[in-house]
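What follows is a set of notes on a single structure, which appears directly below.
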Amino acid sequence: MSSGQVNAVRGMNDISGEQARYFDLLEVTARQLLANYGYDHVRLPVVEKTELFCRSIGEVTDIVEKEMYTFADRNGDSLTLRPEGTAGCVRAAIENSWINQGAQKLYYMGPMFRHERPQKGRYRQFYQLGVETFGMAGPDIDAELILMSARLWKLLGIEAELLINSLGSATSRVAYREALTAYFSAHYDVLDEDSQKRLHRNPLRILDSKNPALKDVIAGAPKLSDWLDEASQASFSGLLAHLDAAGVAYRVEPTLVRGLDYYNDTVFEWVTTELGSQGTICAGGRYDGLVTQLGGKAVPAIGFALGMERVVALMQAKAQPIPSTLDVYVIAAGELAQRRVLALAESWRDALPSLRLMVHHGGGSFKNQFKKADKSGARFALVLGDDEVAQQKIGVKFLREETEQVLLSWTELPAWLSKQLSN
């Protein structure tokens, strides 16, 4: 066995510093928003039985055929690191009888895994926020999901464009698929290799091709909107009416399809031009047939997922650097000060439970400790020396503003900090 350095797996990255703080901000903002809309947080396994994804995503998809991290456990069972979250959430809703308890609004956060070429905004371990609802037929819940995601972008200071389409019912889509297959078969020679492979397996995915050479042939393809049945047309019109009433701008995109087979009717994406080719930051749609496909009773369902790395990249590009989460950094020099500083810090934490306080460790001169305090991003440095211990006082230095240092008693400090930090 080599004794050299062990590095992370390619495409599975460490997240720290400012980037981690942006992740934290996204998570805190999303959690509060979702709670305000009545969504419950669920924690789902990272590993599922491989069969789950084969049955839900489809065995003839790139994800199942090429990208899943699949392995046999010690019992010989085939397990897979989850490549997406919807299938696992549906499995949990069936297994735990959540769908038998009325309408459900759920969300989850965490890592997903796909073995694909790492690039900016796309990694082999990546993070998603997923939102799933069960038992609501829409189109009002479809609209609320979109309005909620629009509010998240507003809270985060992100600009994105909403693309929306209807895939129709499973019945109408079968007829459309036949028409699409016939059309692209007549243009087989101009299709690229990927589109030729998709022709008989999933011709709708050809509409989503990013190959500019196929732009004209795709533009001439039959339009899905011409094949929608009456119920799907009514649902889509109702959704657009809700969005119009709420003042949410959108663009109906006839070529918008979702990459997974289980979607029907409403599909949508939020896209941006700020991230190069990886322009989709959030995508979702209705998947009314998936619950029965995985063994549950028939219930309507719709959800979305957003790629957290991509959203964080937009936050970093648009916003000022996130300040440190620290309020105070405690400096102590001298034998008496070193002996008392931890107990004092605990007493101040008792008095101010929300105080974000860090004590310097490892000794060093006042000068060196002040450098660490300034680098920490804290607003105040609390300065404790042996003289201050003898007087039961603490010096307070303002690190972010031009204000004279003050000297306070140990008992005065919590009230003074509380007042300062509330401003």
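- Under a cut-off of 6.0 angstrom, the local environment of CE in M148 is crowded, with over 12 non-hydrogen atoms contributed by other residues, nucleotides or ligands.
- By the 4.5 Å heavy-atom criterion applied to side chains, L344 and L384 are counted as neighbours.
- Counting non-hydrogen atoms of other residues, nucleotides and ligands closer than 6.0 Å to CD of E404 gives a total of 12 or fewer.
- Defined by atom type and a distance below 3.5 Å, a donor-acceptor pair is missing between the side-chain atoms of E67 and Y69.
- Rounding to the nearest 0.5 angstrom, the gap separating the CD atom in E309 from the CD atom in Q128 is 9.0 Å.
- Within 6.0 Å of CD in Q420 there are more than 12 heavy atoms belonging to other residues, nucleotides or ligands.
- Listed by chain and number, the residues in a ring pair (Phe, Tyr, Trp, His ring centres under 6.0 Å) with H41 are Y107 (sequence neighbours excluded).
- Of the N and O atoms on the side chains of S232 and S235, not one donor lies less than 3.5 Å from an acceptor on the other residue.
- Remark: K223 NZ is packed, more than 12 non-hydrogen atoms of other residues, nucleotides or ligands lying under 6.0 Å away.
- The closest side-chain donor-acceptor pair between Q5 and N7 falls under 3.5 angstrom.
- For the residue pair Y287 / E132, a side-chain donor-acceptor distance below 3.5 Å is found, with atom types taken as modelled.
- In this structure a side-chain-to-backbone donor-acceptor pair under 3.5 Å is missing from E116 to R124.
- Considering only residues two or more places apart in sequence or on other chains, E161 meets the salt bridge (Lys or Arg N to Asp or Glu O under 4.0 Å) condition with R251.
- Judged purely by atom type and a 3.5 angstrom limit, E84 uses its side chain to pair as donor or acceptor with the backbone of A87.
- With L294 as the partner, the side-chain contact (heavy atoms from CB on, under 4.5 Å) test is satisfied by one option alone out of T292, L290, V291: L290.
- By the 4.5 Å heavy-atom criterion applied to side chains, L106 and F134 are counted as neighbours.
- A pairwise comparison of heavy atoms in A378 and L399 identifies O-CD1, 3.5 Å as the closest pair.
- At least one side-chain heavy atom of M308 sits under 4.5 Å from a side-chain heavy atom of F23.
- Salt bridge R21/E18: absent, no basic N to carboxylate O contact under 4.0 Å.
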Self-check item: Stepwise side-chain contact (heavy atoms from CB on, under 4.5 Å) test for W153 and L306
Solution: CA-CA 11 Å; W153 310 143; L306 64 85; 4.1 Å; yes
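- The backbone N or O of L191 lies less than 3.5 Å from no partner atom in the side chain of S195, so there is not a single donor-acceptor pair.
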Self-check item: Test side-chain contact (heavy atoms from CB on, under 4.5 Å) applied to L421 and L355, step by step
Solution: CA-CA 9 Å; L421 295 172; L355 181 65; 3.7 Å; yes
Quiz prompt | Evaluation steps, side-chain contact (heavy atoms from CB on, under 4.5 Å), between Y108 and T86 | solution = CA-CA 10 Å; Y108 50 85; T86 299; 4.0 Å; yes
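- Put simply, the side chain of S172 gets close to the backbone of S169: a donor and an acceptor are under 3.5 Å apart.
- For the pair V328 and R356, the minimum side-chain heavy-atom distance is 4.5 Å or more.
- Applying the 6.0 Å contact sphere to CZ of R349 captures more than 12 heavy atoms from other residues, nucleotides or ligands.
- For the pair R91 and S56, the minimum side-chain heavy-atom distance is 4.5 Å or more.
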Practice problem: Test K49 against D77 for salt bridge (Lys or Arg N to Asp or Glu O under 4.0 Å), laying out the working first. | Solution: CA-CA 8 Å; K49 293 181 179 178; D77 296 324; over 6 Å; no
Exercise. Report the C-alpha distance between Q196 and Y188 in whole Å, list the side-chain angles of each, state the deciding distance to 0.1 Å, and finish with yes or no for side-chain contact (heavy atoms from CB on, under 4.5 Å).
Key: CA-CA 7 Å; Q196 290 176 351; Y188 185 84; 3.6 Å; yes
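- With D265 contributing its side chain and S166 its backbone, the two residues share no donor-acceptor pair below 3.5 Å.
- The distance from the CZ atom of R379 to the CG atom of L326 is 13.5 Å, given to the nearest 0.5 Å.
- For Y183, the ring pair (Phe, Tyr, Trp, His ring centres under 6.0 Å) partners at least two apart in sequence or on another chain are H187.
- Here the side chains of V312 and Q316 are in contact, with some heavy-atom distance below 4.5 Å.
- Inspection of the T70 and T80 side chains reveals an N or O donor paired with an N or O acceptor under 3.5 Å.
- Not a single donor-acceptor pair under 3.5 Å links the side chain of R114 to the backbone N or O of R82.
- A donor-acceptor distance shorter than 3.5 angstrom exists from the side chain of N264 to the backbone of D288, with no hydrogens or angles considered.
- For the residue pair N36/Q32, the side-chain donor-acceptor check at 3.5 Å is satisfied.
- For the atom pair CG (L156) and NZ (K318), the distance works out to 13.0 Å, reported to the nearest 0.5 Å.
- Judged purely by atom type and a 3.5 angstrom limit, S149 uses its side chain to pair as donor or acceptor with the backbone of L145.
- Proximity of I281 to V271: side-chain heavy atoms (C-beta onward) are nowhere separated by under 4.5 Å.
- Side-chain atoms of K105 come within 3.5 Å of backbone N or O of Y37 as a donor-acceptor pair.
- Side-chain atoms of D350 and S347 include no donor-acceptor pair closer than 3.5 Å.
- Taking CH2 from W270 and CG from L163, the interatomic distance works out to 9.5 Å, rounded to the nearest 0.5 Å.
- No donor-acceptor distance shorter than 3.5 angstrom exists from the side chain of D327 to the backbone of L357, with no hydrogens or angles considered.
- Residues F380 and Q405 form no side-chain contact, since every pair of their non-hydrogen atoms from C-beta on lies 4.5 Å or further apart.
- Separating the CG atom in D73 from the OG atom in S78 is a distance of 9.0 Å, to the nearest 0.5 Å.
- A salt bridge is defined here as a Lys NZ or Arg NE, NH1 or NH2 lying under 4.0 Å from an Asp or Glu carboxylate O, and D374 with R400 meets this definition.
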